[in-house]
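The structure appears below as structure tokens.
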Amino acid sequence: GVTQSPTHLIKTRGQQVTLRCSSQSGHNTVSWYQQALGQGPQFIFQYYREEENGRGNFPPRFSGLQFPNDSSELNVNALELDDSALYLCASSQEGGIQPYNEQFFGPGTRLTVL
Amino acid sequence: SQKIEQNSEALNIQEGKTATLTCNYTNYSPAYLQWYRQDPGRGPVFLLLIRENEKEKRKERLKVTFDTTLKQSLFHITASQPADSATYLCALGGDDMRFGAGTRLTVKP
């Protein structure tokens with residue numbers, strides 16, 4: 001399955017954070033989401049075969065990387081209080097005969113910014 | 001602006017009844033729609049995907065419909081059980097993925 005680390009994280013405003021995700025084996029696409037309490041996940045960006053393949057309405061201080069070994073990272077610079085949320089990654093296998101396939105989500109990283 | 005609305009924040013039903021959840025959207029033309037289940041403190045779990053050229057999909061006790069004219073999807077759980085209690089999210093996909101805020105379903109024994 002999809003795993004994420006760490007489970008919980010506390011940072012202070014202005015700091016930088018790196019969140020990690022290990023995709024389901026063989027999946028070529030990873031997406032990152034931010035989920036505030038009581039809200040649905042908001043799409044941050046997607047990586048397909050190590051290239052950014054779509055981005056939601058998030059500023060450039062949110063950046064990511066996807067590696068060939070099924071792992072990926074979400075980096076957030078200059079943390080703000082509003083960045084406190086559950087960060088979810090999801091992997092899928094795209095580009096086959098049938099477009100758009102199910103996403104497998106990780107358990108999330110709970111980030112608190114003080 | 002694009003909007004996704006799920007019928008209500010919370011839905012309470014009796015065990016054995018059919019739960020019907022609604023997802024309406026505006027100013028959007030999704031290529032597909034997905035439904036997910038999310039339990040507290042956990043990531044969403046995929047349930048069903050329906051594409052824009054499909055009207056209905058079924059999986060065991062679950063059924064989803066997709067009406068691109070009405071811009072609406074209905075999600076049904078038949079013979080509901082207390083274990084079905086969770087938050088259900090609809091998500092519209094195309095160039096990106098957009099989620100609704102979810103409906104919290106409680107099935108009472």
(message) With a 4.5 Å cut-off on side-chain heavy-atom distances among I, L, V, M, F, W and Y, is there a chain of contacts connecting B/Y28 to B/L33?
(response) yes
(message) If hydrophobic clusters are built from ILVMFWY residues whose side chains come within less than 4.5 Å, do A/V2 and A/L74 share one?
(response) no
(message) Let me check something: do B/L11 and B/L62 share a hydrophobic cluster, defined by ILVMFWY side-chain heavy atoms less than 4.5 Å apart, either directly or through other members?
(response) yes
(message) Can you tell me which portion of B/Q6 sits under 4.5 Å from chain A's heavy atoms? Options are side chain, backbone, both or neither.
(response) neither
(request) For chain B, find its close neighbours in residues 105-114 of chain A: heavy-atom separation under 4.5 Å, sorted by number, or none. (result) A/F105, A/G106, A/P107
(request) Following the transitive rule for hydrophobic clusters with a side-chain heavy-atom cut-off under 4.5 Å over Ile, Leu, Val, Met, Phe, Trp and Tyr, establish whether A/F43 and B/F99 coincide in one cluster. (result) yes
(request) Give, as side chain, backbone, both or neither, the part of B/R98 having an atom under 4.5 angstrom from any heavy atom of chain A. (result) neither
(message) Give the interface residues of residues 12-25 of chain B toward chain A, defined by a heavy-atom separation under 4.5 Å.
(response) none
(message) Which heavy atom of A/P41 sits nearest to which heavy atom of B/L89, and what is that distance?
(response) CD-CD1, 4.0 Å
(message) If you count heavy atoms of other groups shown closer than 6.0 angstrom to CG of A/L37, is the number above 12?
(response) no
(request) Identify which part of A/Q46 has an atom lying under 4.5 Å from any heavy atom of chain B, answering side chain, backbone, both or neither. (result) neither
(request) Count the heavy atoms of every other residue, nucleotide or ligand shown that sit under 6.0 Å from CZ of B/R61, and state whether that count exceeds 12. (result) yes
(message) Which one wins on heavy-atom pair count under 4.5 Å against chain A: B/P44, B/G102, B/G41?
(response) B/P44
(message) Does any backbone or side-chain atom of A/Q35 lie under 4.5 Å from a heavy atom of chain B? Answer side chain, backbone, both or neither.
(response) side chain
(message) Could you measure the distance from the CD atom of B/Q34 to the CD atom of A/Q103? Nearest 0.5 Å is fine.
(response) 6.0 Å
(message) Taking atom CZ as the centre, does B/R42 end up with more than 12 heavy-atom neighbours from other residues, nucleotides or ligands that are less than 6.0 angstrom away?
(response) no
(request) Check each atom of A/Y33 against the heavy atoms of chain B and say whether the ones under 4.5 Å are side chain, backbone, both or neither. (result) side chain
(request) Would you indicate whether A/N57, at its atom CG, is surrounded by more than 12 heavy atoms from other residues, nucleotides or ligands within a distance under 6.0 Å? (result) no
(message) Test of understanding: clusters of I, L, V, M, F, W, Y form through side-chain heavy atoms closer than 4.5 Å, transitively. Do B/W35 and A/L88 belong to the same one?
(response) no
(message) Can you tell me how far apart OH (B/Y32) and CD (A/E102) are? Round to the nearest 0.5 Å.
(response) 11.5 Å
